[in-house]
Amino acid sequence: MKAIIIGAGPAGLTAAYELLTKTDIKPVIFEATNEIGGISKTFNFKENRMDMGGHRFFSKSDTVMKWWTDLMPIQTVPSKDDILLEREVELSESEKEQDPGQIDDVMLVRNRLSRIYFLKTFFDYPVSLSFNTIKNLGFLRITKIGFSYAYSLLFKRQEKNLEDFMINRFGKELYLTFFKDYTQKVWGVAPKDIPADWGTQRIKGLSIVKIIQQALKKIFGGKQDLKQKNTETSLIEKFYYPKYGPGHFWQVVAEKIQHLGGIIEMNKKIVSFETDGEKIKSVTDDKGTKYEADYFFSSMPVRDLINGFDKKNDEVKRVSDGLGYRSFITVGLLVKDTIIKNNTKLKTYKNRVPDDWIYIQEREVKLGRLQVFNNWSPYLVKDYENTVWLGLEYFCDENDDMWDTKDKDFINFAKKELARIKIIKEEDVLDGCIVRVPKAYPGYFGTYKEFDVIKNFVNKYENLFLVGRNGMHKYNNMDHSMLTAITAVDNIVNNIKTKENIWSVNTEQEYHESK
């Protein structure tokens with residue numbers, strides 16, 4: 001038996017590996033581009049590696065955690081930054097003799113620190129009730145936030161949209177200070193025009209009460225482990241990370257798949273689907289070649305999937321055509337140093353800022369988020385000791401003015417923005433590059449509220465499984481995308497016909513994760 005899998009991102013690769021290790025079904029992956037990993041790929045610019053969006057290898061699912069570490073074990077020798085910082089690492093005698101530079105296919109254990117940059121200073125992310133927050137915001141604003149939150153507790157809003165959802169959990173003043181503008185920057189629409197579903201999926205367990213509980217736990221609690229199952233994901237402080245970025249991990253998975261007999265065909269774009277009753281019979285690529293199979297897994301954008309169906313009614317097409325997406329652009333800037341420095345208790349090399357990523361709330365720039373790749377892994381940076389490798393993320397729509405700006409002009413624009421908000425000096429920029437990522441975020445606007453029309457249409461095809469972020473038009477993180485593929489294969493193994501357990505991934509509390 002044969003399965004065709006569309007897309008070589010986390011969902012597609014996971015589905016292929018699961019089929020090979022649990023069934024006799026032979027998977028064939030068709031990837032439209034020439035790269036493995038989808039939006040979890042790692043871009044290599046002159047030996048400086050860039051992670052598209054930042055991918056923490058953390059999950060509340062034991063299945064996913066085991067999946068990752070079985071294929072890429074945890075590094076047990078000191079990493080480059082451990083050595084430079086003289087951090088103590090407990091090792092066995094045999095491990096002490098190993099050269100860390102020669103061990104590649106491993107995960108590092110990293111500290112998570114993500115903060116908000118606002119008013120040219122740092123705030124905790126998620127916002128905490130710390131002395132630093134009170135000092136930076138000032139007594140008057142803090143007082144207004146407190147009264148606003150109390151009011152939100154007494155007078156709950158009906159949650160008709162994301163704005164209502166956030167105000168109910170944080171109060172109107174805190175929402176206006178930290179959430180409204182950034183959310184609009186990311187999605188291109190106001191929070192009041194985004195359904196509350198987005199909050200339910202991304203920040204459903206987080207509130208001021210949770211923030212206070214976590215603050216008390218930090219003061220009085222014990223050591224934190226990687227499972228951290230009782231902690232809201234936005235508050236989690238450690239994660240695994242492949243030595244050379246997420247693309248490194250998915251390349252290892254791709255090699256395992258091929259070793260086990262799976263096939264991966266690159267630059268193969270599927271454009272149409274032939275149906276036969278309640279089954280998919282075949283797919284056709286953009287060169288006109290037809291491929292038949294017993295099972296089909298799709299992680300391609302839903303809009304493209306529906307457009308490719310040979311039989312669909314006008315209602316399904318209307319809802320599909322109305323689905324929206326947000327794309328993003330990452331600008332890589334290699335700099336001598338940054339103006340911002342380490343003001344935390346975390347020890348860093350040359351007192352560099354310790355954040356993995358920084359949410360840019362300054363209203364005067366279009367920049368949405370900043371990654372510091374040195375902190376994800378020292379091996380992402382060619383000259384870790386003498387340079388800082390930054391990733392500037394801009395959220396946009398495909399083919400808008402930002403998307404269509406020439407590479408050189410956009411890199412120059414990004415450099416000036418970062419200098420304007422006092423993070424770098426323009427003259428310290430050594431080099432730069434740009435990567436555009438289309439359809440990175442499925443939008444919860446447009447016709448999304450009618451998505452059940454599409455869901456009911458595709459569910460009737462018993463040998464078709466929609467998996468992954470774009471495949472299901474769900475703002476899944478990497479572990480959720482993997483779980484959809486694992487669940488789909490388990491359904492085949494156990495002869496489960498319903499698709500509801502696949503769609504329910506990332507709606508159950510135990511699977512919750514948030515950026």
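Note that these values count all heavy atoms, side chains included, but never hydrogens, waters or copies made by symmetry.
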Please verify the inter-ring angle class for Phe395 with Tyr182; under 30° counts as parallel, over 60° as perpendicular, anything in between as tilted.
perpendicular
Which distance, rounded to the nearest 0.5 Å, do you find between the CG of Asn491 and the CD of Glu462?
12.5 Å
Under the criterion salt bridge (charged side-chain N to carboxylate O under 4.0 Å, His left out), I'd like the reasoning laid out for Lys185 against Glu393: C-alpha separation, chi angles, the key distance, then a yes or no.
CA-CA 11 Å; Lys185 191 184 285 189; Glu393 295 181 0; over 6 Å; no
Are there more than 12 heavy atoms of other residues, nucleotides or ligands under 6.0 Å from atom CG of Asn399?
yes
Would you indicate whether the side-chain heavy atoms of Phe297 and Leu19 approach each other to under 4.5 Å?
yes
Is it true that Asp479 and Lys60 make a salt bridge, defined as a side-chain N closer than 4.0 Å to a carboxylate O?
no
Would you say that His55 contacts Trp250 through its side chain, given a criterion of any heavy-atom pair below 4.5 Å between the two side chains?
no
For the residue pair Trp376 and Phe239, is the inter-centroid distance of their aromatic rings smaller than 6.0 Å?
yes
Looking only at heavy atoms, which two atoms of Gly443 and Trp187 are closest? And how far apart?
CA-CZ3, 3.8 Å
So Val189 and Arg326, do their side chains get closer than 4.5 Å, heavy atoms only?
no
What distance do Ile167 atom CD1 and Leu162 atom CG have between them, rounded to the nearest 0.5 Å?
9.5 Å
Between Phe178 and Tyr359, is any pair of side-chain heavy atoms under 4.5 Å apart?
no
More than 12 non-hydrogen atoms from neighbouring residues, nucleotides or ligands closer than 6.0 Å to NZ on Lys192, yes or no?
no
How many angstroms lie between CZ in Arg112 and CG in Asn375, if you round to the nearest 0.5 Å?
13.5 Å
Under a 4.5 Å cut-off applied to non-hydrogen side-chain atoms, are His248 and Thr42 in contact?
no
What is the minimum heavy-atom distance between Ile454 and Val316, and which atoms define it?
CG1-O, 4.3 Å
Does the side chain of Leu370 come within less than 4.5 Å of Asp355's, by heavy atoms?
no
For Lys172, is the NZ atom crowded, meaning more than 12 foreign heavy atoms sit under 6.0 Å from it?
no
dist Met52:CE -> Ile39:CD1 (nearest 0.5 Å) comes out at 10.5 Å
Crowding at NZ, Lys256 (>12 non-hydrogen neighbours, <6.0 Å)
no
To check you understand the geometry: which heavy-atom pair defines the closest contact between Trp403 and Arg436, and what is its length?
O-NE, 2.9 Å
Count the heavy atoms of every other residue, nucleotide or ligand shown that sit under 6.0 Å from NZ of Lys156, and state whether that count exceeds 12.
yes
Ring centroid separation Tyr325 to His473 under 6.0 Å
yes
Can you confirm whether more than 12 heavy atoms, excluding those of Asp314, are under 6.0 Å from its CG atom?
no
So, Asn501 and Lys499: side-chain donor and acceptor under 3.5 Å apart, yes or no?
no
Kindly indicate whether a cation-pi arrangement holds for Arg115 with Tyr117, taking the cut-offs as under 6.0 Å to the six-membered ring centre and within 45° of the axis.
no
What about Phe273 and Phe309, are their ring centers closer than 6.0 Å?
yes
Cut-off 3.5 Å, no hydrogens considered: what does the side-chain donor-acceptor table look like for residues 1-10, sequence neighbours left out?
none

Counting only heavy atoms not in Asp452, do more than 12 fall under 6.0 Å of its CG?
yes
Within the 4.5 Å heavy-atom criterion, are Phe457 and Ser320 side-chain neighbours or not?
no
How far does CH2 of Trp67 sit from CE of Met72, to the nearest 0.5 angstrom?
11.0 Å
Just say parallel, tilted or perpendicular for the rings of Trp503 and Phe451, cut-offs at 30° and 60°.
perpendicular
Nearest atoms (heavy-atom pairs only) where Phe43 meets Cys433
CE2-SG, 3.9 Å
Take a 6.0 Å sphere around NZ of Lys180 and say whether it holds more than 12 heavy atoms from other residues, nucleotides or ligands.
no
Identify the two heavy atoms, one from Ile502 and one from Met472, that lie closest to each other, and give their separation to 0.1 Å.
O-CE, 3.5 Å
Where is the tightest heavy-atom contact between Asn495 and Lys497, given as atom of each residue plus distance?
OD1-NZ, 3.2 Å
I want to check something: taking the side chain as every heavy atom from C-beta on, are Pro191 and Gln184 in contact at a cut-off of under 4.5 Å?
yes
Nearest-0.5 Å distance, OH of residue Tyr175 to CZ of residue Phe170:
12.0 Å
As a quick check of understanding, evaluate salt bridge (charged side-chain N to carboxylate O under 4.0 Å, His left out) for Arg157 and Asp164, giving each step before the final call.
CA-CA 6 Å; Arg157 291 174 170 230; Asp164 295 330; 3.0 Å; yes
